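The block underneath contains the structure these notes are about, expressed in structure tokens.
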2 protein chains.
Amino acid sequence: MLDYKESLKQHGLKNSKQRNLLIKLLSNADGIMTAEEIYLALKKQEEKINLSTVYRILEAFVEKGLVVKSTFPSSNTCVFTLKHLEHSHHLICLKCKKTVSLPHCPLKEFEHSIEKETNFNITDHNLELYGYCNNCK
Amino acid sequence: MLDYKESLKQHGLKNSKQRNLLIKLLSNADGIMTAEEIYLALKKQEEKINLSTVYRILEAFVEKGLVVKSTFPSSNTCVFTLKHLEHSHHLICLKCKKTVSLPHCPLKEFEHSIEKETNFNITDHNLELYGYCNNCK
DNA sequence: AATGCAAATGCAAATCGTTTGCATTTTTAA
DNA sequence: TTAAAAATGCAAACGATTTGCATTTGCATT
Ligand SMILES: [Mn+2]
Ligand SMILES: [Mn+2]
Ligand SMILES: [Zn+2]
Ligand SMILES: [Zn+2]
């Protein structure tokens with residue numbers, strides 16, 4: 001429950017109608033969506049928006065860290081979620097796509113030990129858990 | 001260092017020239033490769049192979065669990081690695097693509113607690129770490 | 001070793017998610 | 001209110017992946 005206009009401004013993004021619609025949609029949806037799902041959802045609301053605009057907005061949001069982009073396993077379609085303020089990960093139902101945010105990232109300490117062992121500088125990680133939710137299992 | 005022919009047979013896959021070439025390439029490469037990189041590497045060896053065959057073989061290998069398919073962040077190209085016998089994850093250099101296998105999966109115990117908390121049945125997870133290797137950082 | 005069938009391959013074309021060029025509209029700041 | 005910069009819509013392009021179909025190959029059987 002944020003002030004979307006403020007959130008955009010803080011990230012140096014112009015406050016367009018489509019951006020506000022998209023960010024509101026994502027935060028109400030509270031789950032992962034493909035670009036096309038977002039596009040269709042907004043169309044259904046009688047809003048004027050174009051699929052390429054959806055992609056451009058998502059790209060901007062990802063770049064600013066407002067949105068996380070990832071890929072469903074065994075699919076080549078990207079999915080997007082609103083990024084929580086705290087670094088977090090999701091548990092995703094493979095059937096209905098219901099998502100749950102994990103209470104914390106289990107990799108913090110782990111990363112440090114790996115950095116020492118491997119001499120890598122770890123900058124990021126990808127983690128998503130998959131399974132079946134209460135209804136679908 | 002496996003017997004590739006045996007490995008294919010055990011997975012119910014016919015023992016074709018192209019499949020053997022591909023599995024050998026992947027295990028020597030010891031890292032992630034895109035379908036096209038695989039295709040070009042085999043061409044360079046003067047081997048007769050087609051890009052769509054590479055895709056079909058990789059698909060079969062993924063289905064049989066011989067290969068893991070994942071996606072590089074901020075890219076829509078899939079990458080493939082030979083699956084280790086033990087469940088494992090990779091640390092990948094964002095610059096040179098050098099990969100290191102992590103010594104163990106840090107999520108085992110974590111998953112159990114998450115299952116209890118969320119009522120999900122967790123079947124799988126995706127984890128890759130990204131950063132810069134000793135040479136590239 | 002020869003045969004036959006199912007599965008695998010090559011090739012070209014299709015598909016589909018995503019990106020881009022460009023003309024038009026909207027936003028923001030002066 | 002105005003002008004410049006940025007965002008949008010639309011159509012076309014793009015690139016990774018997939019597919020149809022004719023041909024070849026692997027493998028079990030004779
Ligand atoms: Mn994390
Ligand atoms: Mn794991
Ligand atoms: Zn579900
Ligand atoms: Zn490197």
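Since the model is a prediction, treat every value here as computed from it, not as a measurement. Labels below follow one simple rule: chain letters A, B, ... track the order of the sequence lines, proteins then strands, and each chain is numbered from 1.
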Evaluate the ring planes of B:His125 and B:His89, with Trp represented by its six-membered ring, and classify them as parallel (under 30°), tilted (30 to 60°) or perpendicular (over 60°).
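Tilted: the ring planes of B:His125 and B:His89 meet at 30° to 60°.
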Check this for me: [X], atom [atom1], are more than 12 non-hydrogen atoms of other residues, nucleotides or ligands nearer than 6.0 Å?
X       : atom1 : answer
A:His11 : NE2   : yes
B:Glu63 : CD    : no
B:Glu36 : CD    : no

Rounded distance [0.5 Å steps], [atom1] in [X] versus [atom2] in [Y]:
X        : Y        : atom1 : atom2 : result
A:Ile32  : A:Lys69  : CD1   : NZ    : 14.5 Å
B:Ile23  : B:Ser7   : CD1   : OG    : 4.5 Å
B:Asn119 : A:Asn134 : CG    : CG    : 4.0 Å

Rounded to whole angstroms, how far apart are NZ on B:Lys69 and C1' on D:dT18?
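Result: 11 Å.
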In whole angstrom, give the distance that lies between atom CD of B:Glu36 and atom P of D:dC14.
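Distance check: B:Glu36 CD to D:dC14 P gives 16 Å.
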For a side chain to side chain contact (heavy atoms under 4.5 Å, CB included) with B:Val67, tell me which candidate from B:Leu26, B:Leu22, B:Thr81 qualifies.
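Considering B:Leu26, B:Leu22, B:Thr81, a side chain to side chain contact (heavy atoms under 4.5 Å, CB included) with B:Val67 is found only for B:Leu26.
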Near-strand residues of residues 11-19 of chain B, defined as heavy-atom separation under 4.0 angstrom from DNA chain C:
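Those residues whose heavy atoms fall under 4.0 Å from DNA chain C, taken from residues 11-19 of chain B in numerical order, are B:Lys14, B:Ser16, B:Gln18, B:Arg19.
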Kindly state which residues belonging to residues 45-59 of chain B come within less than 4.0 angstrom of DNA chain C, counting heavy atoms of the residue only, listed by number.
B:Lys48, B:Ile49, B:Asn50, B:Ser52, B:Thr53, B:Arg56, B:Ile57
Short question: side chain of A:Arg19, backbone of A:Leu13 - any donor-acceptor pair under 3.5 Å?
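Checked: no pair found.
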Covered region of DNA chain C, 5' end to 3' end, by chain A [heavy atoms, under 4.0 Å]
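For DNA chain C, the relevant span reads C:dG17 to C:dT28.
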Side chain to side chain contact (heavy atoms under 4.5 Å, CB included) involving B:Asn50 - partner list, sequence neighbours excluded
B:Ser52, B:Thr53
Applying the 3.5 Å cut-off to both distances, the Watson-Crick or G-U partner of C:dT27 turns out to be D:dA4
Angle between the end axes of the helix from C:dA1-D:dT30 to C:dG17-D:dC14, five pairs per end, to the nearest 10 degrees?
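Result, rounded to 10 degrees: 30°.
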Once salt bridge (charged side-chain N to carboxylate O under 4.0 Å, His left out) is applied, what residue pairs with a partner in residues 41-61 of chain B remain, sequence neighbours excluded?
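Non-adjacent pairs meeting salt bridge (charged side-chain N to carboxylate O under 4.0 Å, His left out): B:Lys17-B:Glu47.
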For residues A:Asn20 and A:Asn15, is any side-chain donor paired with an opposing acceptor at under 3.5 Å?
yes
A:Asn126 side chain to B:Asn126 side chain, donor-acceptor N/O pair below 3.5 angstrom
no
